[in-house]
Amino acid sequence: MSNFFALMARMKYIRRWGLMRSVREENIQEHSLQTAMIAHMLALIGNKFYDKKYNADSVAVKAMYHEASEIITGDLPTPIKYYNDEIKSAYKQIENVATQQIFKLLPDEFKDDFLPVLNIQDKEEKMLVKYADRICAYLKCVEEVNAGNNEFTDAKESIKKDIDSIDSPEVKYFMENFAGGFDLTLDKLR
């Protein structure tokens with residue numbers, strides 16, 4: 001018997017944005033799904049408009065599991081995680097150990113299938129997941145600010161600057177064509 005998926009199901013208990021007061025709490029399971037959907041679209045945009053050869057399905061699956069290590073580590077707030085290179089490096093080691101512990105729960109028959117999913121080596125796919133993750137952070141800020149939570153105002157501005165500085169036509173296309181909808185009410189979305 002494998003406990004892999006029982007452990008994965010615990011993603012719903014890991015809260016994001018631990019240092020911020022949220023109108024609506026977000027967990028890493030729902031965040032991972034949104035990241036997967038956006039990473040998938042970034043790959044499709046690259047393929048359709050920018051002559052890329054991304055495997056959009058592979059990118060989506062990798063994004064689904066991109067926060068898996070946080071089941072063990074928890075979600076370390078960004079200001080701490082990236083405070084300096086020493087902490088960033090130490091946290092990366094902790095994430096790797098956590099990922100190895102999760103990987104060990106898989107039956108041997110599936111380890112070859114999950115190795116590239118839990119440990120993304122393809123640089124382009126890794127970047128698309130990272131970009132999608134950043135876009136999701138921005139969209140969370142948009143939703144919180146629109147709900148009247150000014151706690152997220154500075155984060156929204158800071159993350160938007162980060163996104164604007166990303167040299168990726170896929171990201172620019174997504175932001176221009178999809179992100180604006182997050183400012184709309186349900187009636188206006190339809």
Side-chain angles (χ1 to χ4, degrees), residues 6-42 60 62-99 101-102 118 126-166 168 171-172 174-190:
L7 190 64
M8 288 297 109
R10 299 186 76 72
M11 291 174 83
K12 65 182 162 270
Y13 302 127
I14 311 300
R15 185 175 166 270
R16 290 176 48 82
W17 301 93
L19 296 177
M20 310 277 277
R21 179 186 59 78
S22 298
V23 170
R24 193 187 71 72
E25 287 189 4
E26 179 183 49
N27 63 57
I28 64 170
Q29 189 171 56
E30 62 189 314
H31 163 71
S32 295
L33 174 60
Q34 184 181 36
T35 303
M37 292 188 299
I38 292 173
H40 184 255
M41 181 54 82
L42 292 176
K62 289 171 180 172
M64 283 178 7
Y65 290 94
H66 84 282
E67 301 283 27
S69 67
E70 290 187 5
I71 296 166
I72 294 170
T73 68
D75 180 36
L76 189 64
T78 298
I80 298 166
K81 191 185 302 186
Y82 299 109
Y83 181 74
N84 63 33
D85 288 340
E86 201 173 317
I87 291 174
K88 187 175 166 181
S89 176
Y91 189 71
K92 188 53 76 181
Q93 290 175 7
I94 292 168
E95 283 181 321
N96 289 339
V97 169
T99 301
Q101 288 178 346
I102 293 167
L118 294 174
K126 193 173 205 165
M127 288 311 298
L128 288 177
V129 172
K130 183 177 180 179
Y131 295 157
D133 188 52
R134 205 69 185 134
I135 290 169
C136 288
Y138 172 72
L139 297 176
K140 169 63 174 168
C141 293
V142 168
E143 289 175 343
E144 287 288 330
V145 170
N146 287 346
N149 185 358
N150 292 326
E151 179 86 10
F152 281 77
T153 302
D154 292 341
K156 177 184 171 188
E157 292 172 13
S158 173
I159 295 168
K160 181 68 164 75
K161 281 183 190 174
D162 288 348
I163 290 170
D164 289 344
S165 72
I166 294 172
S168 164
V171 169
K172 289 183 186 349
F174 184 92
M175 294 301 291
E176 289 170 6
N177 291 279
F178 295 105
F182 285 79
D183 280 317
L184 303 177
T185 63
L186 176 60
D187 290 334
K188 290 181 180 172
L189 284 173
R190 297 185 283 157

In Å, rounded to the nearest 0.5 Å, how long is the span from [atom1] of [X] to [atom2] of [Y]?
X: Ile28; Y: Met8; atom1: CD1; atom2: CE; answer: 8.0 Å
X: Glu26; Y: Leu139; atom1: CD; atom2: CG; answer: 10.0 Å
X: Ile102; Y: Ile71; atom1: CD1; atom2: CD1; answer: 4.5 Å
X: Thr153; Y: Asn150; atom1: OG1; atom2: CG; answer: 4.0 Å

Requested in this report: With sequence neighbours excluded, give me every ring-ring contact (aromatic ring centres under 6.0 Å, His included) pair touching residues 130-159.
Outcome: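 Matches after skipping sequence neighbours: Trp17-Phe152.
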
Query raised in the report: With a cut-off of 6.0 Å (strictly less than), are more than 12 heavy atoms of other residues, nucleotides or ligands near CZ of Phe178?
Result: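 More than 12 heavy atoms, drawn from other residues, nucleotides or ligands, come within 6.0 Å of this atom.
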
For [X], salt bridge (Lys or Arg N to Asp or Glu O under 4.0 Å) partners two or more places apart:
X: Arg134; answer: Asp162
X: Asp164; answer: Lys160
X: Arg21; answer: none

Over all heavy atoms of both residues, which pair between [X] and [Y] is shortest? Give the atoms and the distance, please.
X: Ala132; Y: Ala39; result: CB-N, 3.5 Å
X: Ser32; Y: Met64; result: CB-O, 3.3 Å
X: Ile72; Y: Ala98; result: CD1-O, 3.6 Å
X: Gly181; Y: Leu189; result: O-CD2, 3.4 Å
X: Ile163; Y: Met175; result: CG2-CG, 3.8 Å

Query raised in the report: Residues two or more places apart in sequence or in another chain: which of them pass ring-ring contact (aromatic ring centres under 6.0 Å, His included) with Phe182?
Result: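 With sequence neighbours excluded, Phe182 shows a ring-ring contact (aromatic ring centres under 6.0 Å, His included) to no residue whatsoever.
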
What residue pairs, at least two apart or across chains, pass salt bridge (charged side-chain N to carboxylate O under 4.0 Å, His left out) with a residue in [range]?
range: residues 136-157; answer: Lys140-Glu144
range: residues 68-78; answer: Glu70-Lys81
range: residues 86-96; answer: Lys92-Glu95

Residues two or more places apart in sequence or in another chain: which of them pass side-chain hydrogen bond (donor to acceptor under 3.5 Å, both in side chains) with [X]?
X: Tyr91; result: Thr73
X: Gln101; result: none
X: Arg10; result: none
X: Thr99; result: none

Any side-chain heavy-atom pair from [X] and [Y] closer than 4.5 angstrom?
X: Asn27; Y: Tyr13; value: no
X: Thr35; Y: Ile135; value: no
X: His31; Y: His66; value: yes
X: Met37; Y: His40; value: no

Query - Salt bridge flag under 4.0 Å for residues Arg16 and Glu67 - result: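 Salt bridge present between Arg16 and Glu67.
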
